[in-house]
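Remarks on the structure that follows.
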Amino acid sequence: MTTERYNPRDAEPRWQAIWDEKNIYATRNDDPRPKYYVLEMFPYPSGRIHMGHVRNYTMGDVVARYKRARGFSVLHPMGWDAFGMPAENAAMERKVHPREWTYANIAAMKKQLKSMGLSLDWAREIATCDPSYYKHQQKMFLDFLRAGLVERKQSKVNWDPVDQTVLANEQVIDGRGWRSGAMVEQRELTQWFLKISAYSQELLDALDTLDRWPEKVRLMQRNWIGRSEGLHVRFALDPATMQNVPYAAGNELEIFTTRPDTLFGAKFLALSPDHPLAAAVAAHNPKLADFIVEARKIGTAQEAIEKAEKLGFDTGIKAQHPFDPTWLLPVYVANFVLMDYGTGAIFGCPAHDQRDLDFVNKYGLGNTPVVCPPDVDPKTFVITDTAYDGDGRMINSRFLDGMTIAQAKDEVARRLESQTRGNRPVAARQVNFRLRDWGISRQRYWGCPIPIIHCETCGVVPVPDKDLPVTLPDDVDFNTPGNPLDRHPTWKHVACPQCGGKARRETDTMDTFVDSSWYFARFTDPWITDAPTDRTQVDRWLPVDQYIGGIEHAILHLLYSRFFTRAMKKTGHTGLDEPFAGLFTQGMVVHETYRRKTGEWVMPSEIKILGNEDARRAVLIESGEDIEIGSIEKMSKSKKNTVDPDDIIAAYGADTARWFMLSDSPPDRDVNWTEKGVQGAWRFTQRLWRLVHEAAGIAKNAPAQRPATFGEPALKLRKAAHGALAKVSEAIETLHFNVAVAHLYEFANALSDAIGDVESKPEPGLAWAMREAAGILVLLFQPMMPHLAEECWAALGHDSLAATQPWPAVEADLLIENTLTLPVQINGKKRADVTVPRDASKDAIEAAVLALDAVQKALDGKSPKKVIVVPQRIVNVVA
RNA sequence: GCCCCUGUGGCGGAAUUGGUAGACGCGCCUGACUCAAAAUCAGGUGUAGCAAUACGUGCUGGUUCGAGUCCGGCCAGGGGCACCA
């Protein structure tokens, strides 16, 4: 009797219009119910959404809809990460203003997102390029400046020669710019820095409290922060070797080491090529000067950084061993010592550090092992090509001999701390971090202007709060590379706010990661005009309960946001430290690749698949030309293996796309987009529609009152319904969407069986159970397929909206079975089943098991060695 | 090089965290309906075997009444960091 098909092209826009009209997804800031803030990482407005967005926003939407049904006041906003390079590239290539380009893209993408049926509160929409947003960012920059969290300093920076801008360390991947892919060069520039390193320890410690973050992300951040404990040691330099060296710091050299225990294995000291002492020696030593120039090249723009040979240059200076002034160590300049870690100088213990060993083997400085591995005879222990960095006992180390590494470290620190030279201890325990301050200056137009004025007489002057925002000029040209703000004829020329004299604006704009470091806070009250946040709202809504996005932001965005939230707290804009209580990182959307014999990539929409499995092949639709089917890879424009969400929604509807995104693959793994898979999802939407309509036909005749008793088929259906309810709820709570999907399939199968029972085994309670079950089914899939749910909910005779219904309540009694079927194992292998009453005693179960034929046979008249009865689980007979 | 994660049918993946391995879906096979196809419906589908049964969660050892799950060693794939002293 199935006639009509569900038509998403008609139904989806219809329900979207109704949701809009009734404004059901708006969140009120005065809602007294418990709050739940679910947020997906906001998109860059590139112009079109891609499948990764579909997956990301579908997951967030399921959580939002589920929590709403669970009675929470849900905040689920959307905005745009709208500043950035592509807008300027478009301006250069297509002569369109970045603002126009960006806002046109936002309009297009908003339309696409709306077609997905997401339950978003669009009234809170923000775009980071809007002065009403970046005004507050400028205010916070100035607040941070006053709080000592901003610094302006000259530093070596990573310069991207293609984008013509500076990149943070985090934005350099394998020596290349994260966006342009160009080899990064080193340049000296004066930059604005946010002092994230002031929070190194705190950012590290607090990771332990983020128990709803993936362990993987926490580990990556831990490694990035890179805490190491060690000793800061002052080596005295032999005055005889320091003649003619104009070195301001005097006759000493400070080093940092994490292995003070190996001090008696020292063979040399080494300076970074950028160390002031190296420069001082080079002033009178042209060969060293040349060496330093060469060494710097290797550390920067050279391709093979990791393969660079360890090179050194002997300065002729000698340093005294801290425990023995007569023991002199040569001081080298070495290309592998970094200036901006520790003190820019090290001591080398070749026996226990591979780099140092490579170095001494090249320059013939020898090595002395000072840590002997367990079970090795110290007399025969020698190091040749491989340094030993494992555990052991101290040898060849005078008063340290026999100690463990930990004891030796402590002993060295203790002795050197109490020695003084020039009224200062010779050594101090020190903690070092790898994390550097966050350089935010970018030489770009399309970013948030840094609200600073440089005055010839007053120096660096903050723009007064009353003059905010500093807005971008509209009349800019992109015909030449570099920063359009810098070459704008008038924009940068202003009067100094302090003295009124001639001054110029800072023409650098902020890194766009600043924009995304606080948008989640702005969403809590995007309407407030005189402050970045309303403290009542931001403190009530934050932290974000569930944040969802890509793993690619594990360090950059998430670490910056954690820092920024703390900085906002310090300046009174929030009351908390951690912005994201729960984090989920979703996998990518991948797809097969296709290419012509000539090697050109071909889009999935351009080809047709013929045959199955081994006989599977692809041809170009247009010409019938054979196409090679390649590996499954991340969807990307370059390999053309993308599928356009618009096409999928036009062909199958948003619900089918959403359902497929959630089914099969666990959400944190990659999902392979296949035509077969989409068709499977499509068939299921049709099947649900039919099932619910059939069930509705039966339910029409159901009594209004719940029957006092239910027959077997009705009870079976009710158990299936409530079982599914319990399992789907749990799966959504734990974000195991693929498991929720599987339980919904199972439940649909059970409903289908029950519909068959109506004819074969009619009974009065079944119609009532059918109505209950169909209702539960619809509400269970509502978070995933909201349009279909509305259509089905209406078919069940409701004039309310499925999207606003409370989550159904489980009848716990139905989940408890009166009799249990336990598996019976003999010696750990399953051999039989036994059905016993739920409350049967262990003895009763044991007796029932021993009476089983299979058990009798296995025991062969003997009595069992042991019978293990695990209540409600399993029985194991040990024969 | 260091650190981390993952290996389960033809495929995507389940498995109450030590208790019936393979739920659910895809694919495939058989049947029904149809002039036929699509759609739909019913049944089957880890491997070997006619069967009883045996084997089976990357390999290998161990702990346990019982191991996909815990421990040791290896192999493969993926990711992060990489002169950080």
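Below, read A as the first sequence line, B as the second, and so on, with proteins coming before strands; counting in each chain starts at 1.
Residues A:Leu253 and A:Leu277 have side chains in contact (heavy-atom distance under 4.5 Å, counting atoms from C-beta outward). Between A:Leu815 and A:Val810 there is a side-chain heavy-atom pair separated by less than 4.5 Å.
Looking at heavy-atom distances under 4.0 Å, A:Ser663 makes no contact with the nucleic acid at all. Residue-level contact check: A:Asn432 touches neither bases nor backbone, having no heavy atom under 4.0 Å from any strand. The residue A:Arg831 sits close only to the backbone: its heavy atoms come under 4.0 Å of sugar-phosphate atoms, none of a base. Across all strands, A:Phe256 comes closer than 4.0 Å to base atoms (heavy-atom distances). Within 4.0 Å (heavy atoms only), A:Val824 reaches no atom of the nucleic acid at all. Among the heavy atoms of the strands, none lies under 4.0 Å from A:Thr674.
Separation of atoms CZ (A:Arg55) and CZ (A:Phe660) is listed at 9.5 Å; rounding is to 0.5 Å.
With A:Tyr363 contributing its side chain and A:Gly312 its backbone, the two residues share a donor-acceptor pair below 3.5 Å.
Sequence order on RNA chain B of the closest nucleotides to A:Asp753 and A:Asp670 puts A:Asp670 first from the 5' end. Summary of the strand contacts: A:Asp833 and A:Thr343 both lie near RNA chain B, and taking for each the nucleotide with the nearest heavy atom, the more 5' one is attributed to A:Asp833.
Rounded to the nearest Å, the gap between the P atom of B:C24 and that of B:A15 is 14 Å. The separation of B:A36 from B:G27, taken at their P atoms, amounts to 23 Å, rounded to a whole angstrom. Nucleotides B:U20 and B:U16 have their C1' atoms positioned 13 Å apart, rounded to a whole Å. Across the P atoms, B:U8 and B:G68 are found 14 Å apart, a figure rounded to whole Å. Between B:U69 and B:U60, the two P atoms lie 13 Å apart (nearest whole Å).
Classification of the A:Trp438-A:Tyr560 ring pair by plane angle, with boundaries at 30° and 60°, yields parallel.
Aromatic ring centroids of A:Phe359 and A:Phe336 lie under 6.0 Å apart. Note: A:Phe684 and A:Tyr745 meet the aromatic proximity criterion, with ring centroids under 6.0 Å apart.
Across A:Asp353, A:Asp356, A:Ile383, a single residue satisfies side-chain contact (heavy atoms from CB on, under 4.5 Å) together with A:Asn367, and that is A:Ile383.
A salt bridge between A:Glu215 and A:Arg222 is present, with a side-chain N of the basic residue lying under 4.0 Å from a carboxylate O of the acidic one.
Nucleotide B:A76: paired with B:U6 (Watson-Crick or G-U wobble, both distances less than 3.5 Å). Figure legend. B:C70 is base-paired to B:G62; pairs are counted as Watson-Crick or G-U wobble with both atom distances under 3.5 Å. Look at B:C83: it lacks any Watson-Crick or wobble partner with both distances under 3.5 angstrom. Nucleotide B:G22: unpaired (no Watson-Crick or G-U wobble partner with both distances less than 3.5 Å).
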Between the protein and nucleotides 30-32 of chain B, list every N/O to N/O distance that falls short of 3.5 Å.
none

Tabulate protein N/O versus nucleotide N/O from nucleotides 64-70 of chain B, keeping only pairs under 3.5 Å, one per line.
{"unit_1": "B:C65", "atom_1": "O2'", "unit_2": "A:Asn876", "atom_2": "ND2", "d": "3.2"}
{"unit_1": "B:C65", "atom_1": "O2", "unit_2": "A:Asn876", "atom_2": "ND2", "d": "2.5"}

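The A:Arg683 side chain lies nearest to B:U40 when the options are B:U40, B:U20, B:C24. Side-chain proximity of A:Leu338 to the nucleotides B:A42, B:A21, B:A85 is greatest for B:A85.
For B:G9, the base is syn relative to its sugar; the glycosidic angle is within 90° of 0. Base orientation for B:U63: anti, the chi torsion being more than 90° from 0.
Because its NZ or CZ atom is not both nearer than 6.0 Å to the ring centre of A:Trp689 and within 45° of the ring axis, A:Arg5 does not count as a cation-pi partner of that residue.
Between the side chain of A:Arg873 and the base of B:U16, a donor-acceptor pair under 3.5 Å is found.
A:Asp437 and A:Ser197 share a donor-acceptor pair across their side chains, judged by distance under 3.5 Å alone.
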